[in-house]
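First listed ligand is number 1; within each ligand, the first listed atom is number 1. Everything quoted here is computed from the prediction, not taken from an experiment.
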Amino acid sequence: MVKNICCIGAGYVGGPTMTVMAYKCPEIKITVVDLNQKRIEAWNSDNEHMIPVFEPGLAEIVMKVRGRNLFFSTNVETAIDQADMIFMSVNTPTKEYGKGKGMAADLKYIELCARQIGAVSKNDKIVVEKSTLPVRTAEAIHSILDNTGSGVKFQILSNPEFLAEGTAINDLLNPDRVLIGGQDSPEGHAAAEELTAIYAHWIPREKIIHTNVWSSELSKLTANAFLAQRISSINSLSALCEKTEADVTEISRAIGADSRIGNKFLTASVGFGGSCFQKDVLNLVYICKTLGLEEVAEYWDWVIKMNDYQKHRFADNIITTLYNTVSGKKIAFLGWAFKKNTNDTRETPAMYVADILMNDLANISVYDPKVSEQQIFTDIAHVNGKTDEDNQKQLSVVADPYEACRNAHAIAILTEWDMFKNLDWKRIHDSMMKPAFVFDGRNLLDAEKMKELGFYYKGIGK
Ligand SMILES: NC(=O)c1ccc[n+]([C@@H]2O[C@H](COP(=O)([O-])OP(=O)(O)OC[C@H]3O[C@@H](n4cnc5c(N)ncnc54)[C@H](O)[C@@H]3O)[C@@H](O)[C@H]2O)c1
């Protein structure tokens with residue numbers, strides 16, 4: 001029976017996942033560790049607004065279980081030593097150097113984790129891959145752990161996380177399924193059963209799927225590839241709609257009613273963002289290429305190309321509509337996060353659209369209810385490589401949506417925050433330069449109402 005869990009990585013996955021596990025398994029002590037001291041301090045803060053991950057419902061549960069059976073710490077070695085089961089929930093970004101640059105997953109954090117586990121462990125442990133990893137990564141982890149010379153035995157399970165940011169708590173409490181990949185051996189089955197027993201505290205056993213390790217690893221990449229593909233597919237057709245007076249929202253409704261297709265993930269937009277879709281599809285492409293499967297690689301690569309095309313199309317449309325120049329014009333950005341109900345901005349389309357408009361000498365004024373000014377400047381610097389001082393000449397961040405829009409030539413909606421639907425749009429119209437343009441990258445607002453108020457309103461695929 002597992003009594004003591006350590007989770008390495010206190011990020012968007014490790015934090016919420018372990019919070020819910022601790023909440024549902026009060027008899028198990030869970031310690032979430034991270035090298036990033038600031039992040040751990042934030043998780044330990046008594047002010048719920050300081051919790052580093054914003055997710056609806058998360059802070060309330062953290063406050064209930066933290067100090068009871070959930071602990072956040074920077075003491076990685078002690079937590080590993082005391083644990084029966086260790087989750088690896090570290091980041092696996094796209095490699096930015098060397099072989100596989102721009103495509104392969106960078107596994108240096110995972111390798112470091114495995115080496116730390118190997119160096120510290122004095123008794124047998126179950127190691128769980130929670131991070132999204134290329135197929136056959138468990139082999140490399142095995143090789144590191146089996147060669148420590150300590151005689152300690154490790155079982156490695158793959159247990160990818162399927163939560164979506166913005167709905168993480170609900171997804172963790174009521175998942176469609178939990179996937180556990182283990183070795184086909186008595187020890188492998190026993191380890192998988194230990195993990196199954198933990199999830200069975202709150203998830204019906206029939207929703208817990210068991211596979212071999214490789215299928216589990218590859219299922220996560222496949223799931224993200226299919227989800228990203230749906231967005232790129234509907235976005236590709238949004239471009240055709242704009243040329244033909246078909247309406248992409250009507251098409252989504254019409255095809256989504258077909259139970260073979262289903263109605264989720266059919267909303268056309270400025271493009272997908274987030275830390276996962278792009279990196280996981282690129283990783284899939286890379287794996288296929290290295291295995292000589294060129295056609296398969298190319299097929300999935302188009303999902304990414306289409307997403308880039310959509311972001312460019314959105315920005316180009318703003319420039320073209322504003323009489324082919326945005327030089328010196330104020331463009332208000334409503335939203336910066338990659339989707340609503342999260343403060344995560346990794347790969348947000350907003351930063352790429354901002355970069356294109358800033359290259360055309362626009363002045364951008366950003367309002368986002370959950371993203372900090374500092375984060376926005378970090379993001380834009382990541383795209384254009386300029387200093388904050390330089391970027392401040394063209395980009396400002398404000399704490400009020402009405403201020404962002406005042407005297408703007410155009411508004412671009414980049415995140416589908418619900419609050420934007422309830423703004424006083426008449427007041428905004430009165431305060432803007434005329435004609436007052438709205439480019440709705442999320443098809444969030446009611447086109448007819450916006451037109452009645454006097455806006456030139458442009459949704460995606462309409
Ligand atoms: N974000 C999502 O929605 C999501 C969903 C499903 C799966 N995933 C996968 O989960 C993994 C983690 O993603 P995330 O969004 O939580 O990343 P993140 O960057 O938010 O968090 C990772 C954390 O790991 C820490 N870390 C790295 N190496 C460490 C080490 N050796 N010791 C201690 N701490 C270490 C980092 O400091 C960081 O705080 C990735 O593989 C990702 O693909 C993410």
Side-chain angles (χ1 to χ4, degrees), residues 6-20 31-43 51-55 58 72-80 83 86-95 104-120 127-135 137 141 144 158-172 175-179 216-217 219-225 227-228 272-284 337-339 341-348 375 378:
C6 160
C7 172
I8 307 179
Y12 282 87
V13 168
T17 317
M18 292 300 128
T19 299
V20 168
T31 308
V32 187
V33 291
D34 204 294
L35 299 171
N36 182 335
Q37 191 171 345
K38 275 200 173 149
R39 218 168 198 184
I40 291 297
E41 278 167 11
W43 279 111
I51 300 289
V53 171
F54 172 73
E55 278 290 338
L58 171 64
F72 292 93
S73 164
T74 49
N75 197 339
V76 180
E77 297 197 349
T78 305
I80 292 176
I86 301 166
F87 286 81
M88 297 198 288
S89 191
V90 299
N91 35 332
T92 50
T94 303
K95 219 175 156 192
D106 191 342
L107 297 181
K108 68 180 174 199
Y109 304 105
I110 279 286
E111 182 175 341
L112 185 64
C113 252
R115 289 188 187 281
Q116 277 174 309
I117 295 169
V120 171
V127 176
V128 184
E129 300 175 343
K130 186 53 115 176
S131 299
T132 302
L133 297 169
V135 55
T137 303
I141 296 173
I144 292 168
S158 162
N159 172 223
E161 185 47 59
F162 292 99
L163 68 80
E165 287 179 30
T167 53
I169 297 303
N170 188 44
D171 296 345
L172 288 164
D176 289 339
R177 68 355 200 144
V178 165
L179 179 56
S216 173
E217 288 177 338
S219 293
K220 175 62 194 177
L221 290 186
T222 307
N224 275 356
L227 292 169
F272 59 74
S275 70
C276 293
F277 283 178
Q278 174 161 310
K279 100 176 153 61
D280 291 348
V281 177
L282 284 172
N283 185 11
L284 185 65
F338 85 93
K339 67 193 288 200
N341 293 338
T342 178
N343 59 346
D344 196 351
T345 62
R346 290 176 289 182
E347 290 302 326
T348 180
Q375 184 61 51
T378 304

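Looking at R346 against ligand 1, only its side chain comes within 4.0 Å, counting heavy atoms. The proximity of P160 to ligand 1, defined as any non-hydrogen pair under 4.0 Å, does not occur for either the backbone or the side chain.
Within 6.0 Å of CD on E77 lie no more than 12 heavy atoms contributed by other residues, nucleotides or ligands.
For the pair Q116 and ligand 1, the shortest N or O to N or O distance falls below 3.5 Å. Some N or O of R39 is nearer than 3.5 Å to an N or O of ligand 1, by distance alone.
Closest heavy-atom contact between D171 and A164: OD2-N, 2.8 Å. The two residues A114 and M88 come nearest to each other via the heavy atoms N-SD, 4.4 Å. Shortest non-hydrogen contact noted between P134 and L107 is CD-CD2, 3.8 Å. When all heavy atoms are compared, the tightest approach of E55 to T167 is OE1-N, 3.4 Å.
Close approach of ligand 1 to S275 (heavy-atom distance below 4.0 Å) involves ligand atoms 1 (N). Ligand-side atoms of ligand 1 in range of K220: 6 (C), range being under 4.0 angstrom from any heavy atom. Close approach of ligand 1 to S89 (heavy-atom distance below 4.0 Å) involves ligand atoms 12 (C), 22 (C).
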For this session: Could you go through the side chain to side chain contact (heavy atoms under 4.5 Å, CB included) check for K339 and D344 one step at a time?
Result: CA-CA 8 Å; K339 67 193 288 200; D344 196 351; over 6 Å; no
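Summarising the contacts of atom 11 (C) of ligand 1 with T342, I117, V90, T92, the nearest heavy atom is found in V90. Of the listed residues (D34, V13, I8), the one carrying the non-hydrogen atom nearest atom 44 (C) of ligand 1 is V13.
When hydrogens are left out, the protein atom nearest atom 9 (C) of ligand 1 is T132 OG1, 3.4 Å; that is the closest non-hydrogen contact. With hydrogens left out, the protein atom closest to atom 27 (C) of ligand 1 is N91 OD1, 3.3 Å, a heavy atom. Here the heavy atom of the protein found nearest to atom 21 (O) of ligand 1 is G11 CA, 3.3 Å. Closest to atom 42 (C) of ligand 1, if we only count protein heavy atoms, is K279 NZ, 3.8 Å. In terms of protein heavy atoms, atom 30 (C) of ligand 1 is closest to L35 CD1, 3.5 Å. In terms of protein heavy atoms, atom 1 (N) of ligand 1 is closest to E165 OE2, 2.7 Å. The protein heavy atom nearest to atom 6 (C) of ligand 1 is E161 O, 3.1 Å.
Partner of N283 under the side chain to side chain contact (heavy atoms under 4.5 Å, CB included) criterion, chosen from L133, T92, N224, L221: L221. Among the candidates N341, V53, T342, the single residue satisfying the side chain to side chain contact (heavy atoms under 4.5 Å, CB included) test with E165 is T342.
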Check: residues 8-20 side-chain donor-acceptor pairs under 3.5 Å, at least two apart:
unit_1 : atom_1 : unit_2 : atom_2 : d
Y12    : OH     : N343   : OD1    : 2.9
T17    : OG1    : V13    : O      : 2.3
T19    : OG1    : G15    : O      : 2.7

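Between F277 and F272, the angle of the ring planes goes over 60°, which puts this pair in the perpendicular group of the 30/60° scheme.
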